Amino acid sequence: MSNQLGLAVKPVTEYDDAEVKRVAEWINTEEYKEKNFARQALVINPAHACQPLGAELVAHAFEGTLPFVHGSQGCASYYRSTLNRHFREPAPAVSDAMTEDGAVFGGQNNLHEGLENAIALYKPKMVAVFTSCMPEIIGDDLTAFLKNARNKGIIPADMPTPYANTPSFNGSHIHGYDAMLLSILQTLTAGKQVEGRCTGKLNLIPGFDANTGNFREYKRILEAFGIPYTILGDISDVFDSPLDGTYRPYPGGTTLDDAADSINGKATLNLGPYSAAKTFSWVKDSYSGKHASLPMPMGVTKTDDFLKKLSELFGKPVPESLKEERGRAVDAMTDAHQYIHNKKFAVYGDPDQLLGYVSFLLEMGAKPYHILCSKGTKKLEKEIQALLDTSPYGAGCKIYINKDLWHMRSLLMTDPVDAMIGDTHGKFAARDAGIPLFRFGFPIFDRVNKHRYPIIGYQGVVNMLTEICNKFLDITDETCEDRFFEMMR
Amino acid sequence: MSNQLGLAVKPVTEYDDAEVKRVAEWINTEEYKEKNFARQALVINPAHACQPLGAELVAHAFEGTLPFVHGSQGCASYYRSTLNRHFREPAPAVSDAMTEDGAVFGGQNNLHEGLENAIALYKPKMVAVFTSCMPEIIGDDLTAFLKNARNKGIIPADMPTPYANTPSFNGSHIHGYDAMLLSILQTLTAGKQVEGRCTGKLNLIPGFDANTGNFREYKRILEAFGIPYTILGDISDVFDSPLDGTYRPYPGGTTLDDAADSINGKATLNLGPYSAAKTFSWVKDSYSGKHASLPMPMGVTKTDDFLKKLSELFGKPVPESLKEERGRAVDAMTDAHQYIHNKKFAVYGDPDQLLGYVSFLLEMGAKPYHILCSKGTKKLEKEIQALLDTSPYGAGCKIYINKDLWHMRSLLMTDPVDAMIGDTHGKFAARDAGIPLFRFGFPIFDRVNKHRYPIIGYQGVVNMLTEICNKFLDITDETCEDRFFEMMR
Amino acid sequence: MSNAAKRVEGITKESTQEMIDKVLEVYPEKGRKKRAPHLAPNDGVSSCVKSNRKTVPGVMSARGCAYAGAKGVVWGPIRDMVHISHGPVGCGWYSWGTRRNLMSGINGVTNFGMQFTSDFQEKDIVYGGDKKLKQLLEEAKGLFPLAKGISVLSECPVGLIGDDINAVAKQSAKELDIPVIPCNCEGFRGVSQSLGHHISNDTIRDFIIGTREFAEPESPYDIALIGDYNIGGDVWSAKALLEEIGLNVKATWTGDGELDRIAATHTVKLNLIHCYRSMNYMCRVMEEKYGIPWLEFNFFGPSKIKESLRAIGERFDDRIKENVEKVIAKYDPIMQAVIDEYRPRLEGKKVMIYVGGLRPRHTVGAYEDLGMVVVGTGYEFAHGDDYERTSPEMPVDTVIFDDASEFELEKFAHQIKPDLVASGIKEKYVFQKMGLPFRQMHSWDYSGPYHGYQGFPIFARDIDMAVNSPTWSLIKSPF
Amino acid sequence: MSNAAKRVEGITKESTQEMIDKVLEVYPEKGRKKRAPHLAPNDGVSSCVKSNRKTVPGVMSARGCAYAGAKGVVWGPIRDMVHISHGPVGCGWYSWGTRRNLMSGINGVTNFGMQFTSDFQEKDIVYGGDKKLKQLLEEAKGLFPLAKGISVLSECPVGLIGDDINAVAKQSAKELDIPVIPCNCEGFRGVSQSLGHHISNDTIRDFIIGTREFAEPESPYDIALIGDYNIGGDVWSAKALLEEIGLNVKATWTGDGELDRIAATHTVKLNLIHCYRSMNYMCRVMEEKYGIPWLEFNFFGPSKIKESLRAIGERFDDRIKENVEKVIAKYDPIMQAVIDEYRPRLEGKKVMIYVGGLRPRHTVGAYEDLGMVVVGTGYEFAHGDDYERTSPEMPVDTVIFDDASEFELEKFAHQIKPDLVASGIKEKYVFQKMGLPFRQMHSWDYSGPYHGYQGFPIFARDIDMAVNSPTWSLIKSPF
């Protein structure tokens with residue numbers, strides 16, 4: 001029998017319970033794990049997004065800057081929604097809404113018309129242009145298009161329009177972040193280097209980081225040191241703005257003047273060695289002053305390194321207040337170590353944060369047992385392994401580069417751990433494994449205010465261990481037999 | 001049959017399952033609740049301790065001060081353990097170890113010998129003496145005993161020895177706090193009032209508060225205002241001291257000089273209207289400058305009132321940074337309101353905190369449904385009722401003064417709520433009711449670092465709502481059917 | 001409600017037009033010309049705005065793309081299929097779990113609400129992705145043996161580099177012995193997600209419909225529920241209600257959908273369509289090919305539910321008609337109790353709506369049941385027939401906006417001062433920053449269901465919570 | 001282990017005495033005189049320190065009081081009784097849930113691990129509390145009908161104001177038809193919690209023992225487990241082990257204890273006592289009155305467990321002796337595996353102990369099983385017989401301290417530099433601030449059980465965790 005199109009007609013079938021049970025058990029097996037890890041082409045539940053998302057994030061990080069997607073409008077809606085959901089804040093960005101005819105004629109008309117409208121309506125000080133797939137594939141020449149726009153007077157003479165090629169079929173959101181940041185800095189600093197001038201300031205490059213609390217924490221630390229600074233770029237007020245009845249599309253960000261003058265800084269410190277690699281590489285060649293790159297300051301040791309570096313770069317002693325904070329963090333760690341010691345964790349996320357989780361867990365005597373980065377490099381793998389090798393708690397921990405959260409699920413089911421650290425997307429695997437998920441990564445769609453609590457610095461250590469240990473204690477209290485339910489823990 | 005003492009001998013009986021089941025169900029009934037509320041003499045699971053505990057807490061809050069229990073050594077051990085467990089910090093205090101002969105001869109010898117040893121061993125700058133039951137009952141005359149000790153040279157001439165009668169059969173820990181604080185201030189300020197002198201400082205009386213984060217938050221707020229201050233007294237460094245390998249018995253506290261000079265302050269602000277009532281009443285009569293008493297600044301409105309009062313007392317505008325913080329807190333509240341709106345809470349604790357919980361919950365659109373204070377007054381009841389009357393969410397909420405946590409259990413079982421706020425002691429009732437307990441009170445024996453996160457000020461609002469809403473979200477994720485398990489919440 | 005011309009005090013044709021003109025003033029000439037026809041005061045009878053046109057570049061549209069319409073709306077909710085986002089990693093990642101189309105079944109076993117992607121790399125762009133596609137289809141079949149079928153949803157690059165997913169799908173379907181549906185829904189196609197719906201409907205027509213038949217005998221009460229995507233459980237509420245009046249819901253399109261049941265829908269007696277926009281195409285096809293009539297209905301709020309139930313009843317015999325009256329009689333007092341509780345707190349409150357699909361018109365009655373007034377509405381991706389259906393539902397002279405930009409919405413809100421804005425995640429925090437209560441009305445703001453009698457009490461509670469949360473009163477700072 | 005004189009490298013009689021002298025120097029003369037006899041180098045054979053004396057005022061003792069010994073130690077763990085803290089609110093509140101004597105049963109139904117207090121007010125002090133007591137006993141009976149009995153534990157004021165709780169208890173017991181046990185354990189009595197144990201033992205003697213009899217026939221293997229308070233589940237571990245060797249544990253004193261079973265203990269064949277200090281009194285009474293022999297044993301660490309099991313076996317027939325060997329053979333390899341895992345990480349590490357009851361001597365062997373060396377030990381409230389038993393267990397010349405003050409402990413630790421301090425909550429954070437790993441050894445630091453074969457792996461894990469936590473290495477700041 002066949003239908004009107006000649007397709008075979010079969011009966012509607014219902015699932016057989018026994019078969020469902022068999023498969024449900026099978027997907028938890030070692031056999032399945034092997035089959036799963038044998039995948040070559042199919043990616044299931046990856047823990048990374050595409051370049052333009054990162055480009056948009058960093059565009060928001062500058063004063064009065066309108067992120068501008070050269071490409072389909074749907075792309076822009078996706079990026080914006082992601083940021084809205086994570087921060088629970090507005091994320092104003094436009095696209096030039098390319099459609100089929102773009103494939104034929106190229107996107108210049110869209111770009112020009114889009115710039116004209118966007119500038120009129122949203123009155124930006126800067127428009128940061130980046131691409132989604134379509135113009136990348138048809139080979140749009142952004143350099144020429146923007147030059148033409150400027151020549152046609154569509155772009156006001158004094159308005160910077162940095163732009164970046166951010167193809168989605170290459171790298172991940174952190175690479176788009178890097179590319180856009182690089183262009184913004186190149187654009188803003190062009191011609192601003194002044195022989196002999198020194199701002200006396202630190203340029204701090206945080207890298208892709210969607211935790212506004214981290215930015216406030218960086219500032220607090222630098223202020224405690226008395227080190228003047230420019231954060232390149234600063235999302236803290238942009239994505240954690242007060243509610244006072246007035247909507248402001250550009251509620252903060254690194255000022256364009258500060259960014260421009262950053263080239264004359266006293267020192268530049270990169271804290272996103274993976275997510276701002278290209279930017280930093282250019283900065284090293286182009287910026288005055290000293291340059292240094294350090295891992296994100298997560299955990300005590302990496303925070304120590306950060307403070308030592310600040311001290312060294314600016315010839316200032318570590319302030320007493322921070323030394324005390326360090327002592328209080330270590331105090332909290334020793335007080336709580338027994339609630340986390342030797343617990344096994346599965347961790348996943350972007351390279352810079354991943355190194356931080358591993359470092360923090362090892363310091364607590366916990367085991368970062370399954371370490372997964374769905375978009376990583378050999379270099380990352382080596383760096384994580386080196387970190388694991390520094391601690392007895394790193395023994396037996398394994399690193400999975402360019403694997404996804406469906407691989408992770410197999411790991412959790414065949415070689416169980418006590419908890420997971422990552423972003424919201426791991427929640428399905430965590431549920432199947434019956435373990436808690438600590439949402440320290442990006443994005444977080446299902447909890448509130450996680451982005452307001454820093455995970456860097458000594459305070460970040462306290463925040464992470466408090467959340468983790470208290471959750472383990474919640475679980476003990478919620479799952480223990482009556483006879484083990486106790487006042488003290 | 002009878003045993004060797006003539007007592008009847010009966011068979012060993014085991015519980016009858018049916019009977020156990022019946023009683024287990026019965027204690028959850030309305031009938032049981034009525035019987036339970038008919039109690040006149042028996043108190044079960046009270047949510048308050050005795051006076052000397054509070055006295056010890058405030059004694060620790062002053063520089064170099066050794067709390068000294070005039071009474072049995074067991075009492076001192078109990079107070080110290082309680083503070084150790086809550087803060088996970090040392091709590092050095094001594095007792096003069098009275099025993100039976102004290103009942104006959106009085107405790108002067110113990111007091112004198114104790115002072116001599118304690119001063120030699122622990123080298124305090126001040127010894128704060130307070131009583132447990134025994135000397136209160138036998139009528140020891142502390143005034144005379146201490147005068148004699150000073151005359152005998154046991155107490156160095158320049159060492160202040162404030163003392164307070166803190167009978168355990170009267171009031172609760174907050175009253176002991178008040179009594180000891182009053183004596184410390186009376187002792188230190190005696191003769192220090194200088195006509196025409198004004199320190200220019202604010203004296204801030206926090207009242208009984210075992211959250212070191214609150215103290216740091218007060219300081220941060222005052223520093224943002226640029227208001228010089230003396231906190232009377234300051235436990236923040238005492239009970240949250242760095243771990244650096246050196247044990248310091250007196251790692252912080254209000255300096256004795258500052259406390260002495262507080263009598264010449266520009267203004268004194270009491271934030272513990274219930275737990276520092278007597279102290280403030282004396283301050284009003286004795287201190288220079290302006291005086292004001294406000295509720296603990298919990299929730300936005302009460303924090304607004306606090307900042308307005310600071311602004312008024314010191315003629316300084318509310319700093320922009322705090323206005324922004326306010327806006328961010330309100331932003332967090334609107335973002336999260338749907339996770340807590342109309343949820344019913346059972347709250348219990350000390351009067352000052354209780355008013356704060358109620359205020360915060362009403363602001364969030366939640367219902368502080370069962371409000372219980374196991375040691376309270378008519379005045380407190382009226383003040384809470386007045387607060388409830390300001391909001392539609394206060395409708396139907398009931399106040400229980402001088403009831404205990406066994407009464408609370410009956411309330412939870414017969415008229416259920418969604419969650420509880422209080423201290424660790426409520427955990428058994430919360431478990432029986434199958435609801436989460438948010439540990440914002442004192443003491444907290446079973447979670448870590450809760451005392452490091454402020455619950456006052458705008459940051460306190462964010463902290464409370466984050467913990468509450470994210471726990472509700474945890475519960476949703478952990479208890480929902482698979483088909484309702486979702487990425488976004 | 002759709003007859004008498006409703007009016008809102010203070011809103012006249014002139015006042016609305018003036019508001020529109022003021023907004024348009026800011027546009028450059030070309031943009032103004034393009035946008036002007038999309039904004040108009042409601043005339044109460046016809047489609048008064050232009051629609052389904054290209055988005056004006058640079059205006060901060062809320063629109064998605066064809067892929068979004070295909071993956072997020074039509075295909076994604078079919079629970080027993082593996083849906084491959086074919087192309088780079090992003091599209092699938094952004095649309096993963098972000099639409100709240102709830103599903104039964106066991107994740108990874110009988111439901112596949114995960115993200116499957118071919119994760120295109122540079123080399124796939126250069127050399128083409130067909131080989132990779134073939135391989136990943138095999139892998140999917142191997143890892144998910146109970147999947148009833150696989151959809152291949154093209155992202156932009158696929159169409160641009162000239163891959164032939166249709167050929168691969170055909171071959172793999174044969175080799176793997178399961179339906180493999182190629183869907184050329186590249187994001188650059190068309191002007192919005194709307195074309196994605198259409199393309200998806202077409203692929204259902206071409207590859208699915210008529211390929212299954214129900215084992216059980218046909219009945220005169222067999223129907224299908226079309227255009228309900230089970231947001232927050234809507235399908236479960238609607239289905240229960242339709243069953244309560246005696247109908248057999250043989251398939252749900254596509255919320256909590258099953259491939260086989262969808263494929264056998266050509267044997268039902270009536271298609272009931274909730275979201276007209278996204279699925280009228282297939283209803284028409286089934287009407288033409290199989291003679292199945294279809295009926296639009298509205299399950300938001302008791303007034304519309306009652307109206308719809310009776311209209312549905314009209315298509316059946318007395319048994320169903322009687323059931324309808326019984327059901328209405330059963331739920332009327334329950335709904336009245338809900339109204340009694342919330343209406344006093346919501347009476348006269350103004351709502352501004354901007355969403356997609358059916359809701360800009362379908363929810364109007366539900367707000368009105370709560371005593372609220374809708375003072376403006378618009379769609380992201382509607383067509384003329386949507387606006388025709390909208391006009392009579394809305395008060396006369398209120399503003400209608402098509403593919404509104406955030407700029408326009410913001411200005412309208414400043415002028416209209418709504419008590420509630422009902423729109424999407426991208427708008428939510430803009431309006432909240434303005435101090436305006438807001439509910440996400442694509443996702444029910446993580447609540448729901450809102451459909452049917454189960455849904456209305458939840459809807460009413462949520463609207464009250466949003467409008468009356470005391471948190472709004474704290475916005476005004478005393479300093 | 002208790003024979004050959006163990007020594008610790010670098011510790012001599014002189015070095016220890018010098019350390020003690022240096023500590024004593026700081027005391028005023030009177031205080032020094034009083035404290036000196038309580039501190040001594042271990043002579044390896046006898047009780048070398050004075051003990052059970054009044055605490056020196058002002059020295060920051062860790063001691064509790066008689067009430068603490070009665071409520072916290074002896075009575076509190078009996079699960080099916082209501083224990084009234086009679087007097088002001090504090091004592092009961094502080095001792096509520098802070099000892100970790102775990103209990104079976106249903107809270108408020110068949111177990112009463114709550115806080116019951118008469119919450120004395122000023123008026124109760126003035127007019128006496130007997131009437132209130134009578135009433136609250138009625139209320140307790142009414143609200144907790146399944147309670148098997150009620151204990152009335154006097155706090156300081158009760159004895160001082162001259163209340164007669166004995167008369168009230170007697171009358172109420174009759175009226176309510178359940179045992180009501182008055183216990184005059186006012187905190188001012190005696191010098192430490194030790195008297196509270198004694199008083200409680202006496203009340204058990206006077207009011208309980210012999211008042212119940214088991215329904216089942218006697219057996220030669222009937223024993224009672226005495227002086228195990230089920231901290232972290234110790235009783236459950238010990239009981240399981242005793243049952244595994246074939247003994248019937250008829251009653252547990254008083255961890256997870258049941259009133260009736262305790263009352264019927266006079267019919268057992270042997271009393272096995274773990275905590276000698278707190279319960280030797282009743283063992284002696286039962287020996288005298290009922291001819292029941294008793295045996296001290298030690299269930300910490302495989303060496304001592306093995307020794308103890310064999311000693312227990314000796315008291316029974318071959319069946320039990322054989323069982324003992326079987327059990328040892330079964331667990332030896334398991335314990336060896338634990339030792340193999342942890343010993344390399346703990347070998348040679350030094351421990352300083354300061355606790356109460358039995359642990360300052362009983363745990364020594366367990367540390368030694370892990371390769372550790374105990375370099376100092378002491379008790380809060382021991383008597384001479386405790387120190388006699390301690391001396392042979394400890395390396396010669398190590399310091400022994402009785403009722404040590406925090407000052408002394410701190411100075412000793414500075415000198416000895418232990419790798420682990422095993423003491424109580426009041427000491428914990430003092431030593432941690434000094435950078436010294438610490439375990440609470442009253443409460444097992446919220447872990448446990450530590451008794452028996454179930455306990456040793458947990459003990460080993462915990463000790464390793466404390467000593468080897470990498471957090472300690474972070475204390476030294478690089479700045």
Side-chain angles (χ1 to χ4, degrees), chain A residues 85 87-89 212 237 240-246 323-336 339 424-425 427-428 430-431 434 436-437 439 443 445-450 452-453 459 462-463 465-471 473-478 480 482 485-489, chain B residues 85 87-89 212 237 240-246 323-336 339 424-425 427-428 430-431 434 436-437 439 443 445-450 452-453 459 462-463 465-471 473-478 480 482 485-489:
Chain A
R85 290 186 180 112
F87 293 112
R88 300 191 191 240
E89 291 284 309
T212 55
D237 287 332
D240 186 19
S241 73
L243 171 47
D244 60 7
T246 301
K323 288 187 199 168
E324 279 175 23
E325 247 177 61
R326 184 190 190 283
R328 288 198 292 267
V330 175
D331 189 70
M333 293 169 86
T334 58
D335 284 357
Y339 306 112
T424 287
H425 290 101
K427 71 188 289 186
F428 291 86
R431 180 178 170 101
L437 168 64
R439 292 158 174 82
F445 287 164
D446 56 349
R447 294 294 184 272
V448 298
N449 295 334
K450 292 299 311 283
R452 285 184 163 108
Y453 290 84
Q459 188 55 45
V462 176
N463 287 340
L465 80 86
T466 301
E467 182 172 339
I468 291 172
C469 294
N470 283 344
K471 179 68 188 182
L473 289 168
D474 273 2
I475 292 172
T476 302
D477 275 346
E478 287 162 9
C480 69
D482 277 350
F485 186 72
E486 297 185 60
M487 192 72 80
M488 303 186 303
R489 295 291 183 193
Chain B
R85 290 187 180 111
F87 293 112
R88 301 191 190 237
E89 292 285 308
T212 55
D237 286 333
D240 186 19
S241 73
L243 171 48
D244 61 6
T246 301
K323 289 187 200 168
E324 278 174 24
E325 247 178 61
R326 184 189 190 281
R328 288 198 291 267
V330 175
D331 189 68
M333 294 169 85
T334 58
D335 284 357
Y339 306 111
T424 286
H425 290 100
K427 71 187 289 185
F428 292 85
R431 180 176 169 101
L437 168 63
R439 291 156 174 84
F445 286 164
D446 56 349
R447 294 295 183 273
V448 299
N449 294 333
K450 292 301 310 282
R452 285 183 162 109
Y453 291 84
Q459 188 55 45
V462 176
N463 288 340
L465 80 87
T466 300
E467 183 172 338
I468 291 172
C469 294
N470 283 344
K471 180 68 187 181
L473 289 169
D474 274 3
I475 292 172
T476 301
D477 274 347
E478 287 162 8
C480 70
D482 278 349
F485 187 72
E486 297 185 60
M487 192 71 81
M488 305 186 300
R489 295 291 185 193

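So that the names make sense, note that chain A is the first sequence line, chain B the second, and so on, each numbered from 1. Note that the coordinates shown come from a computational prediction; the quantities given were computed from them, not determined experimentally.
Here the straight-line distance linking atom CE of A:M333 with atom CG of B:N449 works out to 11.5 Å at 0.5 Å rounding. Here B:T212 contributes atom OG1 and A:R328 contributes atom CZ; the two are 8.5 Å apart, rounded to the nearest 0.5 Å.
Nearest heavy atoms, A:F428 versus B:E486: CZ-C, 4.2 Å. Of all heavy-atom pairs spanning B:V448 and A:L473, the tightest one is N-CD1, 4.4 Å. The minimum heavy-atom distance between B:R447 and A:D474, with the atom names listed, is NH2-OD1, 2.8 Å.
A:T476 does not touch chain B: none of its heavy atoms, backbone or side chain, sits under 4.5 Å away. Contact of A:E325 with chain B is not made at all, since no heavy-atom distance falls under 4.5 Å. Looking at A:R439, only its side chain comes within 4.5 Å of chain B, counting heavy atoms on both sides. Residue contact with chain B, scored on non-hydrogen atoms closer than 4.5 Å, involves the backbone and the side chain of A:R88 alike. Only the side chain of B:Y339 has a heavy atom closer than 4.5 Å to any heavy atom of chain A. Only the side chain of B:D237 comes within contact range of chain A, with at least one heavy atom under 4.5 Å from a heavy atom of that chain. A:S241 touches chain B through its backbone: at least one of N, CA, C or O sits under 4.5 Å from a heavy atom, while the side chain does not.
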Q. Under the side-chain contact (heavy atoms from CB on, under 4.5 Å) criterion, do B:E89 and A:D335 qualify, and how do the steps go?
A. CA-CA 9 Å; B:E89 292 285 308; A:D335 284 357; 4.2 Å; yes
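Taking the six-membered ring where tryptophan is involved, the planes of A:Y453 and B:Y453 are tilted, since the angle between them lies from 30° to 60°.
Remark: B:D482 engages A:R431 in a salt bridge, criterion side-chain N to carboxylate O under 4.0 Å. Using a 4.0 Å cut-off between charged side-chain N and carboxylate O, B:R326 and A:D244 make no salt bridge.
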